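Here's the structure, in structure tokens; my notes come after.
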Amino acid sequence: MKCQFLLFVAAAVLMAVCGEEEQVQQDEGARLLVSKNVHNKYLVENMDVIVKYTVFNIGSSAALEVEITDNSFDPDNFAHVSGELSARVDRVPPNTNVTHTVVVRPRKAGYFNFTSAEVLYRRKEDAPMLQVAASSEPGMAFFTSYKEYNKKFSSHVVDWAAFAVMTLPSLAIPFGLWFSSKHKYEKLSKGSKKH
Amino acid sequence: MRSLLLVLLVSCVAALSVSAETCLKPEVSASAYVTEDATVLTQVAFTTQFTLKCTNGAKGISLYAEVDGKSMPAVRLSADNKYQVSWTDDIKKAHSGDYSVKLYDDEGFSAIRKAIRNGEDPASVKPLAVVVVNNPGVYTGPWINSELLAAALAALVSYTAFSAKSKLLA
């Protein structure tokens, strides 16, 4: 029992020390939170996927030479439509956001794991080493094939046009018969009036 | 007299140090991409990449961009003097047409912030360059559902047929 209590105290002290250390670290220099988000309703093969990186500085001073690199979209599986996957921002002042947006298109359907991007930055002007950070991970996702997507969401104009053509005979033939007989009777009635 | 000289010298040095950092006769060649097909997206992304050319060969200038009242730093890309400005907007809020991305260097950007602080018109600060991003309009899906159109057509045909029949029988 005593031993347990001692352990507990030791743990508490350790935590306090760690917390203090963290506090000290937070007080000096910049601290960045980086999120990586995908702004898509559906993920479809060969259609745009918007990936947005948001950097927010919760530290007390500006982060310098912030470099975002994302190696998770390899060119074999993704076409890079616009925006570069490696970007540098000179300065992120405290309590401000900086965003970077990239548009890619998956070349293949199937499961894909959106992993995190790597971020390097200098926490203060005279920091001897660069701080390494990782962005959040959007996680596992499934890219639907374009065919499958089209089946669900396209307007099926061709299908409906085909349906219209198929129903046309059953409507047009009776109408044609009726119209010709009507025409005949009208002619007859006109003729009878003349006489 | 001496103080006047000093002032002159200081201003000269200031001008020199500024000219070393500023971009003279900036030329911008840009490419832009706007996600037009919003059927699978929740937001519209605007991205533009451009290279800045200065006649004085200035490099590594920090650039800031201002679009529709939003300001953001231009992100530097791997190539020299190549930048990217990108932002996202709600599909409903994004208007079609031209967006002018005004680019400022450090000085211009601080002048703008100062103007906003003092309640002056920020448009008085001349941008270094302007990049125009055209949004031809976001496609959010067909204007009318095809099955709805088919149902309406079927209803129309059957209505004319039945009304013609009842006219004949009357």
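Values in this document were obtained by computation on a predicted structure and should not be read as measured data.
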Residues of [range] under 4.5 Å from chain B (heavy atom pairs)?
{"range": "residues 169-180 of chain A", "answer": "A:Leu171, A:Trp178"}
{"range": "residues 38-47 of chain A", "answer": "A:His39, A:Asn40, A:Lys41, A:Tyr42, A:Val44, A:Met47"}
{"range": "residues 65-86 of chain A", "answer": "A:Val81, A:Ser82, A:Gly83, A:Glu84, A:Ser86"}

inquiry  = Below 4.5 Å, heavy-atom pairs only: which of B:Leu153, B:Thr48, B:Leu41, B:Leu149 has the largest tally toward chain A?
reply    =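 Looking at each of B:Leu153, B:Thr48, B:Leu41, B:Leu149 in turn, B:Leu41 comes out on top.
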request  = Determine the option with the most heavy-atom pairs under 4.5 angstrom with chain A, choosing from B:Pro142, B:Ser62, B:Gly60, B:Ala164.
outcome  =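 Of B:Pro142, B:Ser62, B:Gly60, B:Ala164, B:Ser62 has the most heavy-atom pairs under 4.5 Å with chain A.
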query = Do A:Tyr149 and B:Thr39 have a side chain donor and acceptor closer than 3.5 Å?
reply =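 There is such a pair between these side chains.
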query = Considering only heavy atoms, which portion of A:Asp48 lies under 4.5 Å from any heavy atom of chain B: side chain, backbone, both, or neither?
reply = both
request  = For A:Phe142, enumerate each residue passing the ring pair (Phe, Tyr, Trp, His ring centres under 6.0 Å) test, keeping only those at least two apart in sequence or located in another chain.
outcome  =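 Checked A:Phe142 against ring pair (Phe, Tyr, Trp, His ring centres under 6.0 Å); matches are A:Tyr111.
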key: Gap separating the CD1 atom of A:Ile50 from the CD atom of B:Gln43, nearest 0.5 angstrom   = 7.0 Å
query = When rounded to the nearest 0.5 angstrom, what is the spacing between OG in B:Ser86 and OH in A:Tyr53?
reply = 10.5 Å
A:Thr101 vs B:Trp87 side-chain heavy atoms within contact, under 4.5 Å =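 Counting from C-beta outward, A:Thr101 and B:Trp87 never come under 4.5 Å.
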Contact check, side chains of B:Met72 and A:Val98, non-hydrogen atoms, under 4.5 Å =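 In short, these two side chains do not touch, never coming nearer than 4.5 Å.
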Select one option (side chain, backbone, both, neither) describing which atoms of [X] are under 4.5 Å from chain A's heavy atoms.
{"X": "B:Gln49", "value": "side chain"}
{"X": "B:Val157", "value": "side chain"}
{"X": "B:Ile144", "value": "neither"}
{"X": "B:Asp37", "value": "side chain"}

In terms of heavy-atom contacts, does [atom1] of [X] have more than 12 from other residues, nucleotides or ligands at under 6.0 Å?
{"X": "B:Lys70", "atom1": "NZ", "answer": "yes"}
{"X": "A:Phe153", "atom1": "CZ", "answer": "yes"}
{"X": "A:Met140", "atom1": "CE", "answer": "yes"}
{"X": "B:Glu27", "atom1": "CD", "answer": "no"}

query = Do B:Val34 and B:Val85 share a hydrophobic cluster, counting only Ile, Leu, Val, Met, Phe, Trp and Tyr and linking them when any side-chain heavy atoms are less than 4.5 Å apart?
reply =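 Yes: a chain of side-chain contacts under 4.5 Å links B:Val34 to B:Val85.
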